[in-house]
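Lettering follows sequence order; numbering is per chain, from 1.
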Protein chains: 2
Amino acid sequence: MKPTIYDVAQAAGVSIATVSKVINATGRISDKTRKHVHSVMEQLKYQPSMVAAALTGKSTYTIGLTLPDLANPFFAEIARSVEDRGHEHGFSVFICNTDNDPDKEVKYLSLLSQKRVDGIISATRIQNDQFLKKLIQQNIPIALITGEMPTLAVDTVMVDDYLGGFQAGNHLVELGHKRIAILVEDMDNMSNRERIRGCKQALCQAGLDVEERLIATGGFSVESGQQAMSQLFKLEDRPSAVFACNDLLAIGAIRAARVAGMQLPSELSVVGFDNTILATLIDPPLTTIAQPIQEIGRRAVDLLVQEIKGEKVLKQRVVLLPELVLRNSSASYSD
Amino acid sequence: MKPTIYDVAQAAGVSIATVSKVINATGRISDKTRKHVHSVMEQLKYQPSMVAAALTGKSTYTIGLTLPDLANPFFAEIARSVEDRGHEHGFSVFICNTDNDPDKEVKYLSLLSQKRVDGIISATRIQNDQFLKKLIQQNIPIALITGEMPTLAVDTVMVDDYLGGFQAGNHLVELGHKRIAILVEDMDNMSNRERIRGCKQALCQAGLDVEERLIATGGFSVESGQQAMSQLFKLEDRPSAVFACNDLLAIGAIRAARVAGMQLPSELSVVGFDNTILATLIDPPLTTIAQPIQEIGRRAVDLLVQEIKGEKVLKQRVVLLPELVLRNSSASYSD
DNA sequence: CTGAAAGCGCTAACAC
DNA sequence: GTGTTAGCGCTTTCAG
């Protein structure tokens, strides 16, 4: 059995209260006993039980992170940054792959609640009122990453999707494109709708009219992007550029173009969104709208931890600005 | 405050023992009281505290997963499969990014121990005796993924690196290559050494001699692969093929070839290792040695859970076999 | 079938 | 400075 505080107390010839005090550096303990107790703990390889401590009212120093799929590089990078920052604050993080399945989300929530996590960061893209409301009801600190809930007062860190979409559209317009397609993951999703709205706005300002036919729905995969794009190529009047709402879709578009025997970027310009590692790896390197992934994770954790520690009452929505990253998948065009 | 078992007992007009029994479906409880208690729990939105339960001797249903870097797609996929399988068994997983830093590893270990995780899966590639020994001393179930420790009796799930290396080398040999380079991440690492040994063996069998000059050390990044490969291109007698010990390095090699103005795969064949999602995304699609990532995570969790539940005493080393996945980055060659 | 009571390992007053 | 003691929320004998 693991040694307990009693074992340490006995071996050190002091009371458990004293041991507890030296563990937590609380109360007043003479230097001598402190050192002595420390050495005994060392000797016994004593590891204070955080679960017992948590039961006493301390927090568990654990947060939950729900996301659709860790195998998706975007979310993996989010997870990495959340874990990093969490660890800096002394928090461990539970990961939960929800696959955007509302049932799984609810189950994870319940589980996290039973494990008494101190807070939850949700990076799911789904609009799940039920999920969130439960959370809020339980009065457990929560922070949203990626996509706000306009009707809920909850800490949120997000990127300005509208601006990102605008930057993408504007970039394409400036390059001289007239027929610009859009590949979207899922219109149920507010972030995506905003990205599209932004993009459309850029086209409008340029006097281009947006044809709904040029907006295709894919998903969060390369395959779906490829398929959607190849459909678009069947139109009599092919688009010369496409804005894809995530890098995966953008890669699919590139692949569809290749399959159709087109040259990139001369015959098709593509702009992605997210700026995951994939954007740099692909050929041609992908022009994309960069989300400040590190910063998103970091800020979300900071917000959450502040709330956990009760240092903050004001909920807030932090909107970070995206940036256009120029690479080689987009080029000027004239016809 | 969250409702406790007492609240439920009181509201239901029974004792806490009874409530406990219906929660855990233990002992004998009349149908009537069971249903009644359930409805009360519902009413109160009661969530049993797993931390209190854990204190009583039950396990925490939590495992820790240490890995170098979640942002690396290979480890992200590992993490995804571990979490999936863990969740199926009812376990939550703590992620720990160690960056292969021995200090961080030791600290995480201590933390996990204090949080009383039921077991640990380590996917770090470093040979850290200290780390593992501590773990074993503490008698906490552990399973290794990715790289065995020959001198330690610990559950391990790994791929046959030697065979993988052989498959890669053999493939290249069969394509007619004579000058085959190797890009390795790090020679301190047993897995990598085995991959190289396997590859060399294939070359030897074909009567080719392996020039040490053609073996270059990179790291776990595209940049390092690119750099290492471009060094190799400076040789008077360029290699016509390269085996890279991971997909990231392979992508670096591809990029270096592009920068050097070479055609792929006609002027350079490249074979990777891992078969991460990247292999399918890159252009040309990467021929690579596939690790059964899903299966590795799954088996490791199964082993660990068995040990946690005390259903197993025999430690074992499971060696899964890699497979050559043919894509378009390798082609036959003759000079 | 159901309940009383003794812990699990630790913290936090409150005494001494 | 240090020790005593009463919980934290739950599980688990052991009676009834």
Problem - Steps toward salt bridge (charged side-chain N to carboxylate O under 4.0 Å, His left out) verdict (A:R34, A:D31) - result: CA-CA 5 Å; A:R34 188 200 337 285; A:D31 241 50; 3.2 Å; yes

May I have the distance from [X] (atom [atom1]) to [N] (atom [atom2]), rounded to whole angstrom?
X: B:R116; N: C:dC10; atom1: CZ; atom2: C1'; value: 11 Å
X: A:M50; N: C:dC8; atom1: CE; atom2: C1'; value: 18 Å
X: B:Q10; N: C:dG3; atom1: CD; atom2: P; value: 13 Å
X: B:K58; N: D:dG9; atom1: NZ; atom2: P; value: 17 Å
X: B:L55; N: D:dC10; atom1: CG; atom2: P; value: 12 Å
X: A:D31; N: D:dT2; atom1: CG; atom2: P; value: 10 Å
X: A:K32; N: D:dT2; atom1: NZ; atom2: C1'; value: 13 Å
X: A:N24; N: C:dG9; atom1: CG; atom2: P; value: 17 Å

Within the structure shown, what part of the strands sits under 4.0 Å from [X] by heavy-atom distance: base, sugar-phosphate, or nothing?
X: A:I23; answer: nothing
X: B:A17; answer: base
X: A:T26; answer: nothing
X: B:S20; answer: base
X: A:V14; answer: sugar-phosphate

Is any side-chain N or O of [X] closer than 4.0 Å to OP1 or OP2 of [N]?
X: B:T56; N: C:dG7; result: no
X: A:Y6; N: C:dG7; result: no
X: A:S30; N: D:dG1; result: no
X: A:S49; N: C:dG9; result: no

Exercise for the section: Verify the ring-centre separation between B:Y108 and A:H87: is it less than 6.0 angstrom? Expected result: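 A:H87 vs B:Y108: aromatic centres under 6.0 Å.
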
Problem - A:F75 ring center near A:F220 ring center (under 6.0 Å) - result: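 Yes, close enough.
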
Exercise for the section: From the options C:dC10, D:dT2, D:dT11, select the nucleotide whose nearest atom is closest to the side chain of A:T4. Expected result: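 In terms of side-chain proximity for A:T4, the closest of C:dC10, D:dT2, D:dT11 is C:dC10.
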
Problem - Shortest side-chain distance from A:I5, nucleotide among D:dT2, D:dT11, C:dC10 - result: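 Closest nucleotide to the A:I5 side chain: C:dC10.
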
Problem - Salt bridge A:D103-A:K107, side-chain N to carboxylate O under 4.0 Å - result: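 Salt bridge absent between A:D103 and A:K107.
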
Problem - Base C:dG3 paired with B:K21 side chain (donor-acceptor, <3.5 Å) - result: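 Yes.
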
Exercise for the section: Keeping the roles fixed (side chain from A:S191, backbone from A:N189), state whether a donor-acceptor pair exists under 3.5 Å. Expected result: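 Side chain of A:S191 to backbone of A:N189: no pair is present.
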
